[in-house]
Amino acid sequence: MDMLSRQLMKEDDGMTKDKGHRTIQLAPSMMCADISLIPETLAAFDEGGAEWLHIDVMDGAFVPNMQIGVDYAHQLRTLSGIPLDIHLMVYEPGDKVAWFDPQPGEYVSVHYESTPHPQRVLADIRERGARAMIALNPATPIASIEYLLDDIDAVLIMTVNPGYAGQKLIPSTIGKIAALRSYLNERGHDNIEIEVDGNVSVPNAHKMIAAGADILVLGTSAIFKKDAALEGALQDFRKAISLK
Ligand code: DX5
Ligand code: ZN
């Protein structure tokens, strides 16, 4: 684990005190939702003020899993007014952005590692009125986005290797969040948001927020607990991550 991560992982309360005025946005991960309870789940997220519905799209090739298809994403739009945050874990995302018909105000993230032409895909997302987000796997260096800063509205830091819910945080990614925040601010891009995805538990969320995360993807570590009702889950999580 690098020094910065050790420092951030070690300091607990000290780091969570200084969150500044940032509003932390919550993005429940719909791949973790019980399909038999979708109406109740969406009602609970609406009640809980979820800023996004995180939609994990997986092709079985870029990641060793298959998740959330086009029709499901379209249906969610008819069932909920919460904007989609579509996470494309697919090869050749450029061909597939149109399938999801991104709407103004939604986020679409594409993996830097999934296409030789990230600018082209990011531009297409913006031309459709949606917000463009570049996603980085844990091992992908921050410097990879050096020539993409004018093409993005956010960066998604994977804090686990993408593909499955229920994995453990990769410790070095906490330092990576902080390094990314400094990298962006030093280049005059304070407005580019940081989303984190993977093992966002309450203790990890404190460290991620202290490091600079703006949007938290909530899965089995946060709200989708076995036999636990989702009603009030977002409100409880928001309380748990607020200033101590
Ligand atoms: C991972 C997925 C996320 C997330 C699920 O590929 O993109 O949805 O990990 O949350 P956890 O990690 O808490 O189960
Ligand atoms: Zn995701």
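Predicted model, so just to flag it, every value in this text is computed and none were measured. Order of appearance sets the numbers: ligands from 1, and atoms from 1 within every ligand.
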What are the atoms of ligand 1, with element, lying closer than 4.0 Å to any heavy atom of G198?
9 (O), 12 (O)
Could you please tell me which protein N, O or S atoms lie under 2.8 Å from the Zn ion (ligand 2)?
H54 NE2, D56 OD1, H87 ND1, D197 OD2
Around atom 6 (O) of ligand 1, find the nearest protein heavy atom and jot down its residue, atom name and distance.
G163 N, 2.9 Å
What pair of heavy atoms forms the shortest contact from A132 to R126, and how long is it?
CB-CG, 4.0 Å
Would you name the heavy atoms of I177 and A213 that are closest together and state the gap between them?
CG2-N, 3.8 Å
Only heavy atoms of N199, strictly under 4.0 Å: list the atoms of ligand 1 that pass.
11 (P), 12 (O), 13 (O)
Determine whether the side chains of E195 and Q25 contain a donor N or O and an acceptor N or O closer than 3.5 Å.
no
Just need the protein heavy atom nearest to atom 10 (O) of ligand 1, so name the residue and atom and give the distance.
G219 CA, 3.3 Å
Less than 4.5 Å apart, side chain to side chain, heavy atoms only: is that true for T41 and D34?
no
Nearest non-hydrogen protein atom to atom 14 (O) of ligand 1, with distance, is T220 OG1, 2.5 Å
Please tell me whether N204 and S221 have a donor and an acceptor in their side chains that are separated by less than 3.5 angstrom.
no
Between ligand 1 and H54, is the shortest N or O to N or O distance under 3.5 Å?
no
Do you know which two heavy atoms are closest between V160 and Q167, and how far apart they sit?
CG2-NE2, 3.7 Å
Please work out which of the three classes, parallel, tilted or perpendicular, describes the rings of H87 and H111, given edges at 30° and 60°.
parallel
Step by step, would you call S29 with D56 a side chain to side chain donor-acceptor pair (under 3.5 Å)?
CA-CA 7 Å; S29 176; D56 284 312; 3.0 Å; yes
Considering only the protein, which heavy-atom contact is closest to atom 3 (C) of ligand 1, and what is its distance?
D197 OD1, 2.9 Å
Pull out every atom of ligand 1 sitting under 4.0 Å from any heavy atom of A165, numbered as shown with elements.
5 (C), 14 (O)
Looking at ligand 1, does any of its N/O atoms fall within less than 3.5 Å of an N/O of Q167?
no
Do D214 and V196 have side chains that approach each other closer than 4.5 Å (heavy atoms only, starting at C-beta)?
no
Region of S29 engaging ligand 1 - heavy atom pairs below 4.0 Å:
side chain
I want to know if ligand 1 touches M158 in the polar sense, i.e. an N/O pair below 3.5 angstrom.
no
Taking all non-hydrogen atoms of both residues into account, name the closest pair between I55 and A73 and its distance.
CG2-CB, 4.4 Å
Just heavy atoms, cut-off under 4.0 Å: does Y164 contact ligand 1 by side chain, backbone, both, or neither?
backbone
Starting from atom 13 (O) of ligand 1, locate the nearest protein heavy atom and write down its residue, its atom name and how far away it is, to 0.1 Å.
S221 OG, 2.6 Å
Interfacing atoms of ligand 1 (cut-off 4.0 Å, heavy-atom, G166):
11 (P), 12 (O), 14 (O)
Measuring only between side-chain heavy atoms, which start at C-beta, is V110 closer than 4.5 Å to I125?
yes
For F62, does its backbone N or O pair with a side-chain atom of D59 as donor and acceptor, under 3.5 Å?
yes
Judged by non-hydrogen atoms, does A222 sit under 4.0 Å from ligand 1?
no
What do you reckon, is OH of Y112 surrounded by more than 12 foreign heavy atoms closer than 6.0 Å?
no
Could you say whether the N/O atoms of P162 and ligand 1 ever approach to under 3.5 Å?
no
Salt bridge (charged side-chain N to carboxylate O under 4.0 Å, His left out) involving E106 - partner list, sequence neighbours excluded:
R77
